[in-house]
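In each ligand, atom 1 is the first atom listed, and ligand 1 is the first ligand listed. Here the structure is a predicted model, which means the values were calculated and not measured.
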Amino acid sequence: MSTPLAVANIAANLARLQDRIATAAARAGRSAESVHVVAVSKYQPAAAIAAAVAAGQRRFGENTVQDALSKIPHFAGQGLEWHFIGHLQANKARHIPGNFTWLHSLDSLRLAERVARFAVDAQTIVNALIEVNVARDPHRHGVLPEQVPELLDQVVAAGLSGLMLRGLMAIGPHPASEMEIRSAFAAVRKLQESCVARHALPAFTELSMGMSGDFEPAILEGSTLVRVGTAIFGERPYPVA
Ligand SMILES: *Cc1c(COP(=O)(O)O)cnc(C)c1O
């Protein structure tokens, strides 16, 4: 739990991560400020999140509603930004607005409509990223790259006032060579550019790509939101079944 050692590690890990991000951004000719860290705190105790907050971290990512809702209220009023990064069933959509301001896993019109409806009720707006299954992995969620334009068209046509389309999210192929990883992330960036051209969406600027093992190639290919867990918090203490 929150031993002084673990807390010191989290601060040191965050500092080291920021250094690596700055180096990768410089290599890409980008500013370090153009890359935001979403600290993936899934299955981590609130004390670990508190340590990251004390070290200046503001954006956090969770992948299950149940785990997230047990922790988010502890941090009310501290100005944190919560990102839902896991697969979301439509029947859990009501938990997003009010708890999370970002949804990284939009994969259907039905989910968009439900999240947007609850967002309007809660008088808030959810920033949504369409999840792309760029690795074409049948065990993964998200829509295939060629299905993105159709989903985008549907969501735009629905005119959902509670939902703002902000970009794309992808999980890199694994296992894969550095070159395969980069070309997958590059394909997502090209897809994002084609989405912007298709609908003139001024806010469709974000690319959520890169995790502990592949955030550097993701930054080289334009990632603006890296979702990093293990490199900040260490191995996850999986809940005892
Ligand atoms: C768990 C998770 C991450 C973080 O993975 P690490 O390898 O621990 O950095 C990022 N994105 C998603 C969607 C995840 O589920």
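For a heavy-atom separation below 4.0 Å, the residues in contact with ligand 1 are V40, K42, I85, M169, I171, M211, S212, R227, V228, G229, T230, R236.
Judged purely by atom type and a 3.5 angstrom limit, N13 uses its side chain to pair as donor or acceptor with the backbone of I232. Of the possible donor and acceptor atoms, none in the side chain of Q57 sits under 3.5 Å from a partner among the backbone N and O of L14. Judged purely by atom type and a 3.5 angstrom limit, Q18 has no side-chain atom pairing as donor or acceptor with the backbone of A15.
Considering only residues two or more places apart in sequence or on other chains, S223 meets the side-chain contact (heavy atoms from CB on, under 4.5 Å) condition with M209, A218, V226.
Under 4.0 Å is where a charged nitrogen must lie from a carboxylate oxygen, and between D67 and K71 at least one such pair does. In summary, E146 and R136 engage in a salt bridge, as defined by a charged side-chain N under 4.0 Å from a carboxylate O.
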